[in-house]
Amino acid sequence: MKKDFFELVYQVVRCIPKGRVTSYSAISEYLTGSKRSARMVGWAMNNSHNVHPYVPAHRVVNHQGLLTGFRHFATPTQMQELLEAEGIPIKDKQVQNFEKYFWHPNQLSE
DNA sequence: CCGTTGACTTCCT
DNA sequence: CAGGAAGCCAACG
């Protein structure tokens with residue numbers, strides 16, 4: 001089975017515990033070792049709509065905790081509502097207590 | 001193979 | 001402090 005960069009991203013994203021969020025840089029750093037390749041993660045997420053099973057892309061935000069990818073969802077509010085539904089407070093596309101909800105691929109939920 | 005793009009990040013102005 | 005440009009890496013055309 002050929003594991004593309006995309007699939008690796010998908011796996012990591014799917015491993016994000018409910019009620020937690022992570023950043024593109026964290027995933028990129030975990031996969032490539034370079035936080036500079038965060039764009040690759042975002043790109044993978046772009047294809048995530050075509051992937052199965054479902055990839056909780058709404059749990060992936062930028063390093064600020066800002067919902068940058070909200071415009072790629074069905075509706076601009078979908079991402080925020082999904083996160084709020086998971087118990088994550090969002091204010092103006094910004095994750096509140098981001099560092100508190102932040103999750104790292106290497107840091108499995110305790 | 002080369003050029004462009006992209007849901008990012010960081011430095012510089 | 002806010003906005004713009006550069007850097008980064010991988011996929012797509």
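Lettering follows sequence order; numbering is per chain, from 1. All values derive from a computational prediction rather than experimental measurement.
- Identified under the salt bridge (Lys or Arg N to Asp or Glu O under 4.0 Å) test for residues 24-35 of chain A, with sequence neighbours left out: none.
- Under the side chain to side chain contact (heavy atoms under 4.5 Å, CB included) test applied with A:V9, the options A:L31, A:V60, A:D4 reduce to a single match, A:L31.
- Contacts between residues 67-74 of chain A and DNA chain B, defined by a heavy-atom separation under 4.0 Å, are made by A:T68, A:G69, A:H72, A:F73.
- No donor-acceptor contact under 3.5 angstrom links the side chains of A:S34 and A:T32, judged on distance only.
- Atom CD1 in A:I27 sits roughly 12 Å away from atom P in B:dC8 (whole-Å rounding).
- Within the structure, no pair that satisfies the salt bridge (Lys or Arg N to Asp or Glu O under 4.0 Å) test touches residues 41-53 of chain A, not counting sequence neighbours.
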Check: Could you go step by step and tell me if A:F102 and A:T22 meet the side-chain contact (heavy atoms from CB on, under 4.5 Å) rule?
Finding: CA-CA 5 Å; A:F102 185 79; A:T22 190; 4.2 Å; yes

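- Note on residues 47-71 of chain A: no pairs pass ring pair (Phe, Tyr, Trp, His ring centres under 6.0 Å), not counting sequence neighbours.
- A:W43 and A:F5 end up in the same hydrophobic cluster when Ile, Leu, Val, Met, Phe, Trp and Tyr side chains are linked at under 4.5 Å.
- Of the residues in residues 88-101 of chain A, not one comes within less than 4.0 Å of DNA chain C through any heavy atom.
- Separating the CG atom of A:N47 from the C1' atom of B:dA7 is a distance of 12 Å, rounded to the nearest angstrom.
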Pairs of donor and acceptor atoms involving the side chains of residues 93-100 of chain A, under 3.5 Å and at least two apart or interchain, shall be tabulated with distances.
unit_1 : atom_1 : unit_2 : atom_2 : d
A:Q94  : NE2    : A:Q64  : O      : 2.8
A:Q96  : NE2    : A:Q94  : O      : 3.0

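- Residues from residues 51-66 of chain A with heavy atoms under 4.0 angstrom of DNA chain C: there are none.
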Please tabulate the protein-to-nucleotide N/O contacts below 3.5 Å involving nucleotides 2-5 of chain C, giving atom names and distances.
none

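- Using a 4.5 Å heavy-atom cutoff, the side chains of A:V61 and A:M79 are in contact.
- Residues passing the side chain to side chain donor-acceptor pair (under 3.5 Å) test with A:S48, sequence neighbours excluded: none.
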Every protein N/O within reach of nucleotides 6-9 of chain C N/O, cut-off under 3.5 Å:
unit_1 : atom_1 : unit_2 : atom_2 : d
C:dG7  : O6     : A:R39  : NH1    : 2.6
C:dG7  : N1     : A:R39  : NH1    : 3.0
C:dC8  : O2     : A:R39  : NH1    : 3.3
C:dC8  : N3     : A:R39  : NH1    : 2.8

Margin query: Determine whether A:T68 and A:Y24 satisfy the following criterion, side-chain contact (heavy atoms from CB on, under 4.5 Å), listing intermediate values before the conclusion.
Written below: CA-CA 10 Å; A:T68 52; A:Y24 299 95; 3.7 Å; yes

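- The nearest whole Å value for the distance from the CG atom in A:L83 to the C1' atom in B:dA7 is 13 Å.
- Picking from B:dC8, C:dA11, B:dA7 the nucleotide with the shortest atom distance to the side chain of A:N46 gives B:dA7.
- Grouping the Ile, Leu, Val, Met, Phe, Trp and Tyr side chains by contacts below 4.5 angstrom, directly or via other members, places A:L66 apart from A:M45.
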Note to self: Pair A:R14, A:V51 - check side-chain contact (heavy atoms from CB on, under 4.5 Å), show working.
What the structure shows: CA-CA 11 Å; A:R14 291 198 204 101; A:V51 200; 3.8 Å; yes

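- Every side-chain contact (heavy atoms from CB on, under 4.5 Å) that A:N106 has, sequence neighbours left out, goes to A:Y30, A:H104.
- Residue pairs meeting the salt bridge (Lys or Arg N to Asp or Glu O under 4.0 Å) criterion with at least one partner in residues 55-74 of chain A, sequence neighbours excluded, are A:R59-A:E86.
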